[in-house]
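Remember, it's a predicted structure, so these values are computed and weren't measured experimentally. By convention here, the first residue in the shown sequence is residue 1. Below, each value reflects all heavy atoms present in this structure, side chains not excepted, and no hydrogens, waters or symmetry copies.
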Amino acid sequence: MALVVGGGASASASALRAAGRPPAVLRRALGLVPGPFQPARVAVLAKTTRFQFEQQRGGGGERDEAMRQRLATTGSSYCGLLERHHNHSTNIQHLLDCLRKEGIEARLVKRGDYSEETVRWADAIVSAGGDGTMLLTASKVFGRHKPVIGVNTDPERSLGHLCIPLRYTYCFSDALKKLRQGEFRWQWRHRIRVHLAGMGFNPRPVDLHEQQLSLEQHCSAHRNTTPAADGDRSGPELLPVRALNEVFVGESLSSRPSYYEISINDGPWEKHKNSGLNVCTGTGSKAWSYNINKLASQEVEDLLLIAQRGSPAAQPLDPAFVEQVTQHYNESLIFSPEEPCIFFSIREPIVNRVFTSSLHRGFTTKLAVRSRCWDACMVLDGGTSFEFNDGAVATLTVDEDDALCTVLLEE
């Protein structure tokens, strides 16, 4: 499929239909959208609250008063964290009670105990937390037939873009009723798969979900994992995780420029030096990628004033028009999670006679990146990090079999 640039979601959707993907109506007619859903076993994955995290940091034996004083030195409120922890715990218990009342076997799983075995046991998985917990939940689900339902149990700390509407947090029985009656729609969110080849990489990940690592600790964690011998690598290795939001490539030290080469849809390699590469899905197009590329009204107004300069018909700009143009551009950065494509963004590119950047961003179905970095990482969904240094080559694609099964419920 040809690269689509500058046309936003509508242009990419047209290209995808031309590539042969059936539209939503046809997919429903083909039975790709099932009817009522009645799970027998559900795993509820609970987030680690900030209060629990601070308890762990204190070593488990820290007295409440000592923890209170330690938090006060950082400007954090012990009482505030405890209250949000209690609210989260109350919402978790509400989910479990609703599930068990319907005769569903429910298993509460802590983040540290979440594994592939949990995924195999459950007919469906409820992510109880925020968007970060949803990303962790998805990281261990590889098939497209295991439903994942996000419930925002911590609305003060997360917007819950990936969760069902907030009212179901407090009345989950209504959500279960709609699932039983088929009053919902399945949504398969496409994810990015990554193949690594060459030298300079370690296929064993460092899990960042439960850790707050310093740069030195992060580098040490990569060194302490044991890579496969280079001679044992017969070809590209498929990483054991899929990215629901985005893949980021860059130097570990943020002040150091990232140097790599990229190829779009098997096209020619192009040298780049910048602040890193972000590649997102439709799900991730509302997240980091959006904030990298969005424009403010002030910037749009400055551009329009430059465009008017020298024109005899130049007139004062209408603020409503400036806002309309701004909104139209920013909306073009967002595309459907069900579109089988990816959107790449090159952050703060350096352009001179050595390094080029013919495209700063665009839609594609395949992107390859060859690292020329010294101490870089490839991070998937902000939670799983892979060493990615000079000589490593990553190929990013989208495969229908990797789509994550989620639900859409109306308010």
Ser275 and Phe248: which non-hydrogen atoms are nearest, and at how many Å? O-CZ, 3.7 Å

Are Gln308 and Leu317 side-chain neighbours, meaning at least one heavy-atom pair lies under 4.5 Å? yes

Residues Glu299, Thr326; criterion side chain to side chain contact (heavy atoms under 4.5 Å, CB included); working and verdict: CA-CA 9 Å; Glu299 296 168 319; Thr326 304; over 6 Å; no

Any donor-acceptor N/O pair, Arg191 side chain to Ala138 backbone, under 3.5 Å: yes

With the side chain counted from C-beta on, respond yes when Thr281 and Ile192 share a heavy-atom pair under 4.5 Å apart, and no when they do not. yes

Pro340 and Thr365 have their tightest heavy-atom pair at O-CG2, 3.9 Å

Measure the spacing between CD of Gln181 and CD of Gln38 and express it to the nearest 0.5 Å. 10.0 Å

Is any side-chain heavy atom of Tyr329 closer than 4.5 Å to a side-chain heavy atom of Val300? no

Ring centres under 6.0 angstrom apart (Phe363, Phe335): yes

In the structure I gave you, are the side-chain heavy atoms of Thr406 and Gln187 within less than 4.5 Å of one another anywhere? yes

Is there a side chain to side chain contact (heavy atoms under 4.5 Å, CB included) between Gln56 and Thr48 once you walk through the steps? CA-CA 10 Å; Gln56 294 169 6; Thr48 299; 4.2 Å; yes

Looking at Gly391, is its backbone amide N or carbonyl O close enough to the side chain of Ser371 to form a donor-acceptor pair, meaning the two atoms are under 3.5 Å apart? no

Can we say Arg70 and Glu54 salt-bridge, meaning some charged N sits less than 4.0 Å from an Asp/Glu carboxylate O? yes

Using a cut-off of 6.0 Å, state whether more than 12 heavy atoms not belonging to Glu116 lie near its atom CD. yes

Going from CD1 on Ile104 to CZ on Arg180, what distance comes out if it is rounded to the nearest 0.5 angstrom? 7.5 Å

When you measure from the side chain of Asn91 to the backbone N and O of Thr153, does any donor-acceptor pair fall under 3.5 Å? yes

Where the side chain of Lys140 meets the backbone of Val119, is there a donor-acceptor pair that is under 3.5 Å apart? no

Applying the side-chain contact (heavy atoms from CB on, under 4.5 Å) criterion to Leu244, which one of Asp381, Val148, Val141 satisfies it? Asp381

Calculate, to the nearest 0.5 Å, the distance between atoms CZ and OG belonging to Phe51 and Ser89 respectively. 10.0 Å

Check salt bridge (Lys or Arg N to Asp or Glu O under 4.0 Å) between Arg41 and all other residues, then give those that pass, not counting sequence neighbours. none

Measuring from Thr133:OG1 to His88:NE2, what's the distance to the nearest 0.5 Å? 7.5 Å

Between the main-chain N or O of Ala122 and the side-chain N or O of Lys146, is there a donor-acceptor pair closer than 3.5 Å? yes

Between Phe201 and Leu239, is any pair of side-chain heavy atoms under 4.5 Å apart? no

How close do Pro349 and Ile346 get, counting heavy atoms only, and between which atoms? CD-O, 3.7 Å

Note, Val241 side chain near Phe386 side chain (heavy atom, < 4.5 Å): yes

Less than 4.0 angstrom from a charged side-chain N to a carboxylate O is my criterion; do Asp154 and Arg84 meet it? no

Where is the tightest heavy-atom contact between Tyr290 and Ser285, given as atom of each residue plus distance? CB-O, 3.1 Å

With Arg256 as the cation and Trp374 as the aromatic partner, state whether NZ or CZ is under 6.0 Å from the six-membered ring centre and within 45° of the axis. no

Classify the ring geometry between Phe184 and Trp186 as parallel (under 30°), tilted (30 to 60°) or perpendicular (over 60°). perpendicular

So do the side chains of Leu196 and Phe388 get within less than 4.5 Å of each other, counting heavy atoms only? yes

Measuring from atom CZ of Arg193 to atom CZ of Phe142, what distance do you get when rounded to the nearest 0.5 angstrom? 10.5 Å

Taking atom CD of Glu117 as the centre, does the number of heavy atoms from other residues, nucleotides or ligands within less than 6.0 Å exceed 12? yes

Looking at Ser258 and Glu251, would you say the former's side chain and the latter's main chain have a donor-acceptor pair under 3.5 Å? yes

Has His94 got a side-chain atom pairing as donor or acceptor with Phe172's backbone, closer than 3.5 angstrom? yes

Do Glu400 and His190 make a side-chain contact, defined as non-hydrogen atoms from C-beta onward lying under 4.5 Å apart? yes

Residue of the set Arg68, Gln69, Met67 for which side-chain contact (heavy atoms from CB on, under 4.5 Å) holds with Leu71: Met67

With sequence neighbours left out, write down each residue that passes salt bridge (Lys or Arg N to Asp or Glu O under 4.0 Å) with Arg242, or none if nothing qualifies. Asp402

Would His195 and Thr395 count as having a side-chain donor-acceptor pair, cut-off 3.5 Å? no

Using atom types as modelled and distance alone, determine if a side-chain donor or acceptor of Asn293 lies under 3.5 Å from a backbone N or O of Ser289. yes

Which pair of non-hydrogen atoms, one from Leu367 and one from Phe344, has the smallest distance, and what is that distance? CD1-CB, 3.7 Å

Within 45° of the ring axis of Tyr259 and under 6.0 Å from its six-membered ring centre, is that where the NZ or CZ of Arg372 lies? no

Without placing hydrogens or testing angles, list every side-chain donor-acceptor pair under 3.5 Å for residues 163-170, not counting sequence neighbours.
from	atom 1	to	atom 2	distance (Å)
Arg167	NE	Glu411	O	2.4
Arg167	NH1	Asp174	OD2	3.1
Arg167	NH2	Glu411	O	3.4
Tyr168	OH	Lys178	NZ	3.1
Tyr168	OH	Glu410	O	2.5
Thr169	OG1	Asn152	O	2.9
Thr169	OG1	Leu166	O	3.2

If you apply the rule side chain to side chain contact (heavy atoms under 4.5 Å, CB included), what do you find for Leu162 with Arg189, and how did you get there? CA-CA 10 Å; Leu162 305 180; Arg189 296 177 178 269; 3.8 Å; yes

Verdict with reasoning, Arg185 to Leu408, per side chain to side chain contact (heavy atoms under 4.5 Å, CB included): CA-CA 5 Å; Arg185 184 175 80 81; Leu408 289 180; 3.2 Å; yes

Side-chain (Thr283) to main-chain (Pro337) donor-acceptor, under 3.5 angstrom: no

State whether the side chain of Ser252 and the backbone N or O of Asp375 hold a donor-acceptor pair below 3.5 Å, judged by distance alone. yes

Interatomic distance, Asp113 atom CG to Thr118 atom OG1 [nearest 0.5 angstrom]: 7.5 Å

For a quick test of reading the model, state the closest non-hydrogen atom pair linking Ile92 to Ala46 and the distance between them. CD1-CB, 3.9 Å

